[in-house]
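This one's a predicted model, so the numbers in the text were calculated from it and none came from an experiment.
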Amino acid sequence: MAALHHPASMLLPLWEQFIQGGKLDGGLLRPEIAQAWSRCRQAGIDPFAGRSTRLLAEPELGRLLQARKNLIDVARPFMGNLYQFVASTSFVVVLCDERGYLLEAVGEPGVIKNAPDINFSQGAVWTEEEIGNNGVGTSLFLRRPFQVSGAEHYCRKEHPWTCSGAPIFNETGQMVGVLEMSGPVEATHQHTLGMVVAAAEAIRQQLRVHLRNRELMLLNGHLNNLFMTVSDGVVVIDFGGVTQQVNPVAEKLFKTQAKSLVGKPFAQHVD
């Protein structure tokens, strides 16, 4: 049976045993959790540390938010929809970049601002090296969706939480961010991670659409420049025979402005 289903009364002694003496019980802990604890111990992380106050400094934060504006804009509606499923609880939906810096958080303002255990501020660092294993940091390390629940966290401050994270990849396979949902252990549903995974995939697809739209806009811009500067007269006509576009050389040939030609049947301008 997966360790996620073990009650806190079973996981907490395992955590205490490891923190006190470095002993791991591989039979009860999920392998990913045991490996994450070992990474945290080797990194010298204090399992009893308080709320992390490390933030990305300005103006670097401003530059990061501007550089990731497209990702944030695309992700925000999906984050809002995801939050609606858990809006009556203390869940927070978080978007981080591929380095673990928090870009956006959606949830009750009071929870985001005053959470005693977790820093939900923009620019906060959510890597394993900073706050121990968690939905963002461990998903970044594994490069796949992962959930860390209760005493599976290396740091005691996160034991009241369940963190479900899923990486976001672009169409070339490059990781561009992580979507994560944090909430009280007792309120977490068995399908929480699945919802986060679905939202991350939807964001990936939407990023792909945005990329294609930008490529089409650039192509249209190049074609329009060519259309307007070519030395021949060019007229664009739709299937109904109606004039849609006229370049400057064609205006001179017809001795009239484009606005007098566009939207009218082309045949009436031909002798």
Side-chain angles (χ1 to χ4, degrees), residues 1-19 24-26 28-43 45-52 82 86 89-96 98-102 105 107 111 115-120 124-168 175 177-200:
M1 182 168 59
L4 180 61
H5 301 294
H6 289 309
S9 60
M10 294 182 66
L11 283 174
L12 188 57
L14 296 176
W15 176 83
E16 292 174 339
Q17 175 180 278
F18 180 76
I19 296 303
L24 283 168
D25 191 331
L28 291 177
L29 281 175
R30 289 188 288 166
E32 298 92 342
I33 297 299
Q35 293 161 11
W37 284 5
S38 295
R39 290 194 299 271
C40 292
R41 188 180 184 88
Q42 292 171 7
I45 297 172
D46 181 359
F48 301 102
R51 186 175 190 260
S52 173
L82 187 59
V86 292
T89 66
S90 298
F91 276 84
V92 178
V93 182
V94 168
L95 176 69
C96 293
E98 76 284 356
R99 298 177 298 165
Y101 289 109
L102 194 151
V111 175
D117 308 310
I118 301 181
N119 192 342
F120 289 108
V125 187
W126 279 45
T127 59
E128 285 191 344
E129 294 82 2
E130 179 64 23
I131 62 173
N133 62 317
N134 65 90
V136 171
T138 305
S139 292
L140 283 173
F141 182 86
L142 297 175
R143 294 181 62 84
R144 64 176 173 84
F146 197 72
Q147 185 177 68
V148 185
S149 185
E152 288 185 326
H153 290 94
Y154 182 78
C155 292
R156 186 173 62 180
K157 64 192 175 190
E158 297 172 8
H159 284 189
W161 298 83
T162 290
C163 303
S164 305
I168 301 170
M175 189 189 303
V178 176
L179 185 68
E180 196 257 13
M181 188 157 65
S182 294
V185 172
E186 63 275 8
T188 301
H189 192 273
Q190 60 177 336
H191 298 304
T192 300
L193 180 60
M195 292 192 297
V196 175
V197 171

Participant: Checking ring-ring contact (aromatic ring centres under 6.0 Å, His included) for the pair W161/F91: CA distance, chi angles, key distance, verdict?
Facilitator: CA-CA 9 Å; W161 298 83; F91 276 84; 8.2 Å; no

Participant: S52 and K157: which non-hydrogen atoms are nearest, and at how many Å?
Facilitator: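 Residues S52 and K157, closest heavy atoms: N-NZ, 3.9 Å.
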
Participant: Can you name the nearest heavy-atom pair linking S139 to V178, along with the distance?
Facilitator: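 For S139 and V178, the tightest heavy-atom pair comes out as CB-CG1, 4.4 Å.
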
Participant: What is the distance from atom CD of E186 to atom OG of S90, rounded to the nearest 0.5 Å?
Facilitator: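 Taking CD in E186 and OG in S90, the distance rounds to 8.5 Å.
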
Participant: Could you tell me whether a side-chain N or O of H153 sits under 3.5 Å from a main-chain N or O of E158, the two making a donor and an acceptor?
Facilitator: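 Present.
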
Participant: Any donor and acceptor pair, going by atom type alone, linking the side chain of R144 with main-chain N or O of P167 inside 3.5 Å?
Facilitator: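 Checking the backbone N and O of P167 against the side chain of R144, no donor-acceptor pair under 3.5 Å is found.
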
Participant: With no hydrogens and no angle check, is any side-chain donor or acceptor of D117 less than 3.5 Å from a backbone partner on A115?
Facilitator: no

Participant: Decide yes or no on side-chain contact (heavy atoms from CB on, under 4.5 Å) for Q147 and T192, but give the supporting numbers first.
Facilitator: CA-CA 9 Å; Q147 185 177 68; T192 300; 4.1 Å; yes

Participant: Hey, could you give me the OG/CZ distance between S38 and F18, rounded to the nearest 0.5 Å?
Facilitator: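 These two atoms lie 4.5 Å from each other.
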
Participant: Is there a side-chain contact (heavy atoms from CB on, under 4.5 Å) between I131 and V125 once you walk through the steps?
Facilitator: CA-CA 8 Å; I131 62 173; V125 187; over 6 Å; no

Participant: Considering residues at least two apart in sequence or located in another chain, which fulfil the salt bridge (Lys or Arg N to Asp or Glu O under 4.0 Å) criterion with R143?
Facilitator: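 Not a single residue meets the salt bridge (Lys or Arg N to Asp or Glu O under 4.0 Å) criterion with R143.
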
Participant: Do you know which two heavy atoms are closest between G100 and V136, and how far apart they sit?
Facilitator: CA-CG1, 4.4 Å

Participant: Would you name the heavy atoms of A105 and V92 that are closest together and state the gap between them?
Facilitator: CB-CG1, 4.1 Å

Participant: Can you list every pair that meets salt bridge (Lys or Arg N to Asp or Glu O under 4.0 Å) and has a residue in residues 129-142, with sequence neighbours left out?
Facilitator: R54-E130

Participant: Quick check: closest heavy atoms across L102 and C96, and the distance to 0.1 Å?
Facilitator: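 Minimum heavy-atom contact is CA-SG, 3.7 Å.
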
Participant: Would you say the side chain of P145 lies within less than 4.5 Å of the side chain of L193, judging by non-hydrogen atoms?
Facilitator: yes

Participant: Do W37 side-chain atoms and N133 backbone N/O form a donor-acceptor pair below 3.5 Å?
Facilitator: no

Participant: Using side-chain contact (heavy atoms from CB on, under 4.5 Å) as the criterion, point out the one residue from L11, L14, V185, T138 that pairs with E152.
Facilitator: L11

Participant: So, taking the atom named CZ in R30 and the one named CD in Q35, what distance separates them when rounded to the nearest 0.5 Å?
Facilitator: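 Here the interatomic distance stands at 11.5 Å.
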
Participant: Using the side-chain hydrogen bond (donor to acceptor under 3.5 Å, both in side chains) criterion, which residues pair with S182? Sequence neighbours excluded.
Facilitator: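 Checked S182 against side-chain hydrogen bond (donor to acceptor under 3.5 Å, both in side chains); matches are E180.
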
Participant: side-chain hydrogen bond (donor to acceptor under 3.5 Å, both in side chains) with R156: which residues, sequence neighbours excluded?
Facilitator: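 Testing R156 for side-chain hydrogen bond (donor to acceptor under 3.5 Å, both in side chains), a comparison that skips the adjacent residues, returns none.
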
Participant: Could you pull out all residues at least two apart from P47 that satisfy side chain to side chain contact (heavy atoms under 4.5 Å, CB included)?
Facilitator: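 P47 satisfies side chain to side chain contact (heavy atoms under 4.5 Å, CB included) with W15, I19, Y154 only.
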
Participant: Compare every heavy atom of E98 with every heavy atom of M175, then report the nearest pair and how far apart it is.
Facilitator: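 Nearest heavy atoms, M175 then E98: O-CB, 3.4 Å.
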
Participant: L179 and V197: side-chain contact (heavy atoms from CB on, under 4.5 Å), yes or no, with the steps?
Facilitator: CA-CA 8 Å; L179 185 68; V197 171; over 6 Å; no

Participant: Dump the intermediate steps for side-chain contact (heavy atoms from CB on, under 4.5 Å) on F141 and T127, then the final yes or no.
Facilitator: CA-CA 9 Å; F141 182 86; T127 59; over 6 Å; no

Participant: Name all residues meeting the salt bridge (Lys or Arg N to Asp or Glu O under 4.0 Å) criterion together with R51; count only those two or more places apart in sequence or in a different chain, and write none if there are none.
Facilitator: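 R51 satisfies salt bridge (Lys or Arg N to Asp or Glu O under 4.0 Å) with no other residue.
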
Participant: Rounded to the nearest 0.5 Å, what separation is found between the CG atom of L12 and the CD atom of Q17?
Facilitator: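 CD of Q17 is found 11.5 Å from CG of L12.
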
